[in-house]
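The structure under discussion appears below in the form of structure tokens.
Proteins get letters first, then strands, A, B, ... in listed order; numbering begins at 1 in each.
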2 protein chains.
Amino acid sequence: MVTKQLLKGLPEDADLRRADSLAREIFSDIANKWALLIIEALGERTLRFSELRNEVEGVSHKMLTQNLRMLERNGLVDRKVHPTVPPRVEYTLTEPGRALRTAVDVMCEWTHQHLGHIEGARGRFEG
Amino acid sequence: MVTKQLLKGLPEDADLRRADSLAREIFSDIANKWALLIIEALGERTLRFSELRNEVEGVSHKMLTQNLRMLERNGLVDRKVHPTVPPRVEYTLTEPGRALRTAVDVMCEWTHQHLGHIEGARGRFEG
DNA sequence: CGGCATCCGCATGGATACTG
DNA sequence: CAGTATCCATGCGGATGCCG
């Protein structure tokens, strides 16, 4: 069980407790719709703020900014500001960000592969 | 690009548009903290409601019920009611649920592997 | 263009209580 | 024990406006 501490949250000593609380915090940060969609949209590319806004269907200006700050703060994306006019800001996944992307890829793939099963399940569930 | 439609949302015909909208809906359902933690907690085991409540640190009665209903509706968990008194309700991941769990595992593993990097990034970000 | 602040409606989610 | 319903606070998230 890889994630014992993350899940059980009952570490015995102070260091473990700190690490686990940090892990929970990070997991809560990234386990949200917009963050995952942003990571997936970036992929291997470098995108500007406005390009990202187009790629991530339905995201608002505010949510995009907010999540990008969070991802930058956690070292998942790199933010490069070009001091031109008009301003040009580019976002790129860092190495850890790209590592996480493989997990997001799996989730997206899973979603597409199970569309049929889920539709069936919903029908059976009574909707 | 595995997830073109999920990400871009610009399908040309009606069927693709329907499938994509369904995919987005499902992705939004599962890309949330509690759903992912519940899936991870279940793993290969079968757990009762109250056991699950203990395993998933910090989840409220209401959130657990709500997310379990959602996961059941989408066919990710199987809900078995034993008509005893007191009642006994057991939850188990279905095959698709277990498939998704591998992705969640990767996310959890990623979190632990990058704790150090993230702490460093936060320091650099000024906090 | 990108970022930040403000306002504010509404859904989210906690607490509580009641049923089978 | 598990589920549902109700109440209620708060915080998420959209809209708008201004600034570098």
- Message: Taking A:R98 first and then A:E95, would you say they form a salt bridge - that is, a charged N and a carboxylate O separated by under 4.0 Å?
- Response: yes

Only one of A:L42, A:L76, A:L93, A:L36 passes side chain to side chain contact (heavy atoms under 4.5 Å, CB included) with A:R101, and that residue is A:L93

Worksheet item: For B:S60 and C:dG13, is the shortest distance between a side-chain N/O and OP1 or OP2 below 4.0 Å?
Response: no

Rounded to whole Å, CG of B:L68 lies from C1' of D:dT4 at a distance of 15 Å

_Between A:Y91 and C:dC1, is there a contact of a side-chain N or O with OP1 or OP2 at under 4.0 Å?_
no

Among the nucleotides D:dG3, C:dC1, C:dG3, whichever has the atom closest to the side chain of A:P87 is C:dC1

Separation between OG1 (B:T94) and CZ (B:R79), nearest 0.5 Å, reads 15.0 Å

Look at all strands and tell whether B:R79 reaches a base, only sugar-phosphate, or nothing, counting heavy atoms closer than 4.0 Å.
sugar-phosphate

A:M63 atom CE is separated from D:dA15 atom C1', nearest whole Å, by 12 Å

Rounded to whole Å, the CG-P distance (A:N54 to C:dC1) equals 11 Å

### Task
Look only at the side chain of A:N67 and the backbone of A:M63, and say whether a donor-acceptor pair between them is shorter than 3.5 Å.
yes

Among the nucleotides C:dG3, D:dA2, C:dC1, whichever has the atom closest to the side chain of A:P86 is C:dC1

Regarding the side chain of A:H61, the nearest nucleotide among D:dA2, C:dC4, D:dC7 is C:dC4

Is A:R53 reaching over with its side chain to a backbone N or O of A:V59, donor-acceptor style, under 3.5 angstrom?
-> yes

When rounded to whole Å, the NZ to P distance for the pair B:K62 and C:dA17 reads 16 Å

To the nearest angstrom, the CE-C1' distance between A:M70 and D:dC12 comes to 14 Å

If each end axis of the helix from C:dC1-D:dG20 to C:dG20-D:dC1 is fitted on five C1' pair positions, the angle between them, to 10 degrees, is 40°

Practice prompt. For the pair B:H114 and B:H117, name the ring-plane relationship: parallel under 30°, tilted 30 to 60°, perpendicular over 60°.
Written response: perpendicular

Discussion item. For D:dA2 and B:S50 - does any side-chain N or O of the residue sit under 4.0 Å from the phosphate oxygens OP1/OP2?
Written reply: yes

message: Taking 4.0 Å as the cut-off, does a side-chain nitrogen or oxygen of A:R69 come that near to OP1 or OP2 on C:dG3?
response: yes

Check your understanding: Touch check for B:R48, heavy atoms < 4.0 angstrom, all strands: base, sugar-phosphate only, or nothing?
Key -> sugar-phosphate

note: A:H82, atom NE2; C:dG2, atom P; distance rounded to Å ~ 12 Å

To the nearest angstrom, the CG-P distance between B:L64 and D:dA2 comes to 10 Å

Between NZ of B:K33 and C1' of C:dG13 the distance, given in whole Å, is 11 Å

